[in-house]
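This report concerns only the one structure given below.
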Number of protein chains: 2
Amino acid sequence: MPRKSVQQELTRDMIMDAARTLFVNKGYQHVSMRQIAKELEYSHGAIYYHFKNKAELFYALVEEHFKMLDQILDEILEKEIEPKEKIREVLIGFMQFGLTHQNHYEIMFLTKDEEVRNFLSQSPNRSYEKFARALSLLSERKLSIQDIWSIFISLHGFVTHYSRHVTSYEDVQGMAAAHADFLLRSIR
Amino acid sequence: MPRKSVQQELTRDMIMDAARTLFVNKGYQHVSMRQIAKELEYSHGAIYYHFKNKAELFYALVEEHFKMLDQILDEILEKEIEPKEKIREVLIGFMQFGLTHQNHYEIMFLTKDEEVRNFLSQSPNRSYEKFARALSLLSERKLSIQDIWSIFISLHGFVTHYSRHVTSYEDVQGMAAAHADFLLRSIR
DNA sequence: AGCCACTATTGAACAGTGGTCAATTAATTT
DNA sequence: AAATTAATTGACCACTGTTCAATAGTGGCT
């Protein structure tokens, strides 16, 4: 009984919605194409008509989060607080983002999966570039390129470490603040 | 034709040797029990007689690396250089270890796999404790517990990031040194 | 030497994975 | 009404980790 009536045709969005729910709770590795299909009450083959493969589907899920991260950055930059405090908030904002969207973050900045990374392409780099430019400006060039890169890597370490335990950001808010303060001790 | 003659009985060490070669080149995820068995010219079932499951086998492979990391630390501590330089070398040594044994490091400090982490138990913590004590002593308590934790997490970020690309440590030696210097700017 | 318990190994089987594709049918175009 | 195209199915492939009944070599005991 192939092809359902047009009113109930499968769309990329429907697939992404089903995938998202599973993905947020279980992560890339532990969500299967068949589970998603089951959720949708379609055969798993149908998904492959709309997405080339698992990597493309989950990349689509994550793509928008690069924009989300950019937005978070922009919102902080527009605040009316002094630059030093802004820098602090940028660092904390990054960690909060990473730990609030752990499974997304994993794909954005941690995955080794070749196929997924083909889709990611330059997105992680672009995301970092935005972060770096912001910090460079806010510090009035007091932070060198090296410094900024070290800071980024250090934030990455924080997110990566605490993602191992299923911690929510709230549980490590204090730690995040302390980490940010440590990293900023080099300026000033 | 079960059970081979005693001269060619399978041992844990034989399995670990075969597994190690594959593991170092491909990582936990991409080495299968059947591949290991094929390498040994045994059926895959035989491995399960010697190891409870994949996690136990690969934990056995990684276990010794916690000691190796401790040793690296000790060797640096015994050097005849001033404490400040020792701290620097400890940080660099950690990054070098992580990037020289990337797939081991991944299991030691990065894996989310529940089964594997059951085997790891407190090993990563103990490893960190040793690191922290060393830094505390060398800095004559100038480095707070918080600082040391931030440093560790920051080193973790470095290893984790550069492990994504198949970089060897030599390729990022300069970066590692710069990262260490950045992290140590807060003291002094 | 014969028996027996034990030990190590096999390979079929299970339930799952990502992915492909011929067959089929609904929708659309001609 | 016929031909074409689009969307879906589900069997199939080649894998994965894991289990386990069946089997055969080993070593000890009588």
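It should be emphasised that the depicted structure is a prediction, and the values quoted were computed from it without experimental measurement. Here is the naming used below: chain letters follow the sequence lines, and residue numbers restart at 1 for every chain.
Checking dA7(D), dT10(C), dG19(C) against every side-chain atom of Tyr48(A), the shortest atom distance belongs to dG19(C). Among the nucleotides dG19(C), dT8(D), dG17(D), the one closest to the side chain of Ala46(A) is dT8(D).
Using modelled atom types, one finds no donor on one side chain facing an acceptor on the other under 3.5 Å when comparing Gln71(A) with Asp74(A). Donor-acceptor pairing under 3.5 Å is recorded for the side chains of Gln35(A) and Lys26(A).
The side chain of His50(A) contributes an N or O atom lying less than 4.0 Å from OP1 or OP2 of dT8(D). Contact check, Ser32(B) against dT16(D): a side-chain N or O comes under 4.0 Å of OP1 or OP2. Taking side-chain N and O atoms only, Tyr49(A) has no distance below 4.0 Å to OP1 or OP2 of dT8(D).
Here dT20(C) presents its C1' atom at 11 Å from CZ of Arg34(A), a figure rounded to the nearest Å. Atom CG of Leu10(B) and atom P of dG25(D) are 17 Å apart (whole Å). Straight-line distance from the CZ atom of Phe51(A) to the C1' atom of dA7(D): 15 Å, rounded to whole Å. Nucleotide dT18(D) holds its P atom 11 Å from the CD1 atom of Ile36(B), rounded to whole Å. In this structure, Leu57(A) places its CG atom 12 Å from C1' of dG18(C), rounding to the nearest Å. For Gln8(A) and dA6(D), the CD to C1' distance is 15 Å, given to the nearest whole Å. In this entry the distance linking CD1 of Ile47(B) with P of dT19(D) reads 14 Å, nearest Å. Taking atom NZ of Lys54(A) as the reference point, atom P of dT20(C) lies 14 Å away to the nearest angstrom.
Taking the six-membered ring for Trp and the full ring otherwise, the centers of His156(B) and Tyr105(B) sit less than 6.0 Å from each other. Taking the ring centroids of Phe94(B) and Phe152(B), they lie under the 6.0 Å cut-off.
Classified by interplanar angle (parallel below 30°, tilted 30° to 60°, perpendicular above 60°), the ring pair Phe97(A)/His65(A) is tilted.
If you check distances only, the side chain of His44(B) never reaches the base of dT10(C) with a donor-acceptor pair under 3.5 Å.
At the heavy-atom level, Gln35(A) lies under 4.0 Å from the strands shown only through sugar-phosphate atoms.
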